[in-house]
There are 2 protein chains.
Amino acid sequence: MDTAHPSSERGASRQALLQAARELLVTRSYASVGIAEICEHAGVRKGSLYHFFPGKEALTQAMLEALYADFERDVLIPGLTGTGKLRDRIEAFVRAIHAFESRMQTDTGRLPGCPFGNLAVELGSHNPGMRRAIRRHLDAVTAHFRAALDTAVRDGELPPSTDTDAAAEQWLALMEGILVMAKADQDPDTILRLGPALGALLLNPTPEVRHEP
Amino acid sequence: MDTAHPSSERGASRQALLQAARELLVTRSYASVGIAEICEHAGVRKGSLYHFFPGKEALTQAMLEALYADFERDVLIPGLTGTGKLRDRIEAFVRAIHAFESRMQTDTGRLPGCPFGNLAVELGSHNPGMRRAIRRHLDAVTAHFRAALDTAVRDGELPPSTDTDAAAEQWLALMEGILVMAKADQDPDTILRLGPALGALLLNPTPEVRHEP
DNA sequence: TTTGCACTTTACCGACCGGTCAACTAATCT
DNA sequence: AGATTAGTTGACCGGTCGGTAAAGTGCAAA
């Protein structure tokens, strides 16, 4: 009848499941979204989900993989690569995050915060498999930050003594914290209000960021 | 029989429920801990829970209230009040957080992160009542940070132009972010590694922390 | 044309969810 | 003594959880 699927798209159900999982899990939480709801939202029967994925956890990990790929393509690479000053790149990055969170709040009524950080917080202390998968993505983000900082060192914007590994990690931590606060406020303005702290942390002379031996 | 409760303690069940809720909710997550588990852990029947609390949400809010009171008494007041330099207070604060997270990991096998931030992340975008309750506690923490910064301004450790409101908010954001990362790592060393970023953010000359007009 | 495979559908599982309820016990107050 | 009250108990509610199993569908290669 109306359910015509003339081999039109291979893996259409799989894609629909990934998209539904993304929309629901990003705006809510892992435990509060059931596979029944994901299937309903995707227009797919539950059995099909278990044809494509071993279970909820694997579906979530595949969703995170695709989500990170989009984030890298749409935000990290265009925002952090290039020839501008580090200060401008940081500001562009904050604006991109603010735009994303604002649009999500307009579209779904909820400000999601960082999808990776959210799941790290919810599952980090009692689901080692998910924790490691999320940690991989956070490391990948950190690598982009470090690359931007290394470029700034090469261009003389930061002193050569800068520990870009440590600074990139601090950048991610502060960004995660900003998104936690924005989520607690449910207000994207919090991102703009706290955004300058990134510049203060990364661009100021930091004479004594000593590592523990 | 063995269930002797000779009016020994008024509200003993209530306290047991609050304690069980704290131990379980702090180390896991709101949705993954059921009231049955809380009751079992407290040695109290489910009906009694609903005698003392309207439901799971109210129990959680009461638990957070008591948790914040302990946090204020044990960490905020002893760590941030006093005559020492701001740098020393910040370091003492980081060490206190590290000690708490380390002890929790030793005792329970899990590094919990910030209980308030965790719940803000899990429930912030789809439970307005809980979100507001959590936000109150985060504001209370910020007020302690601001008081410590105001003292530093008064003592000449920070320039009089310092926007201590904004700086306190940044302090909290970075602290939350550090705890997100530590939870993602499940490693308390992350707190010590990122801790110096607090000093870099709060103690350096920040000539241009401009507010949006 | 037959066979195999990718995919879909539906019914079903035991366990658990947060919450309700009425009956009961034991102190307290008049 | 009688009434009131706080607290306790265990059975029970409808609904949902993640996951399973088996039968069926249509297409494509042999």
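Residue numbering restarts at 1 for every chain, and letters A, B, ... go by the order of the sequence lines.
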Atom-pair distance ([atom1] on [X]; [atom2] on [N]), nearest Å:
{"X": "B:L24", "N": "C:dG18", "atom1": "CG", "atom2": "P", "value": "12 Å"}
{"X": "B:L49", "N": "D:dG10", "atom1": "CG", "atom2": "P", "value": "15 Å"}
{"X": "B:F52", "N": "D:dG7", "atom1": "CZ", "atom2": "P", "value": "5 Å"}
{"X": "A:L17", "N": "C:dT9", "atom1": "CG", "atom2": "C1'", "value": "14 Å"}
{"X": "A:E40", "N": "C:dT9", "atom1": "CD", "atom2": "C1'", "value": "16 Å"}

Legend entry - Nucleotide nearest A:S48 when distance is taken to its side chain, options D:dG7, C:dT9, D:dG10: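 So the side chain of A:S48 is nearest to C:dT9.
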
Does a nitrogen or oxygen in the side chain of [X] sit under 4.0 Å from OP1 or OP2 of [N]?
{"X": "A:R45", "N": "C:dT8", "value": "no"}
{"X": "B:H51", "N": "D:dG7", "value": "yes"}
{"X": "B:S13", "N": "D:dG7", "value": "no"}

Legend entry - Any B:T162 side-chain heavy atom under 4.5 Å of B:L149 side chain: no

Legend entry - Under the side chain to side chain donor-acceptor pair (under 3.5 Å) test, residues paired with A:R28 that sit two or more places apart: A:E37

Which pairs, protein N/O on one side and nucleotides 18-22 of chain D N/O on the other, fall under 3.5 Å?
{"unit_1": "D:dG18", "atom_1": "OP1", "unit_2": "A:K56", "atom_2": "NZ", "d": "2.8"}
{"unit_1": "D:dG18", "atom_1": "OP2", "unit_2": "A:I35", "atom_2": "N", "d": "2.8"}
{"unit_1": "D:dG19", "atom_1": "OP2", "unit_2": "A:Y50", "atom_2": "OH", "d": "2.9"}
{"unit_1": "D:dG19", "atom_1": "OP2", "unit_2": "A:K56", "atom_2": "N", "d": "3.0"}
{"unit_1": "D:dG19", "atom_1": "O5'", "unit_2": "A:Y50", "atom_2": "OH", "d": "3.4"}
{"unit_1": "D:dG19", "atom_1": "O6", "unit_2": "A:K46", "atom_2": "NZ", "d": "2.4"}

Inset, instruction - Measure the acute angle between the ring planes of A:H137 and A:F116, then classify it against the limits of 30° and 60° as parallel, tilted or perpendicular. - result: tilted

Inset, instruction - Indicate yes or no for a side-chain donor-acceptor contact from A:R131 to the backbone of B:A184 under 3.5 Å, with no hydrogens or angles considered. - result: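 Side chain of A:R131 to backbone of B:A184: a pair is present.
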
Inset, instruction - Kindly say whether B:P112 contributes a backbone atom to a donor-acceptor pair with the side chain of B:N118 at under 3.5 angstrom? - result: yes

Inset, instruction - List for me each residue that meets ring pair (Phe, Tyr, Trp, His ring centres under 6.0 Å) alongside A:F145, sequence neighbours excluded, and say none if there are none. - result: A:F93, A:W171

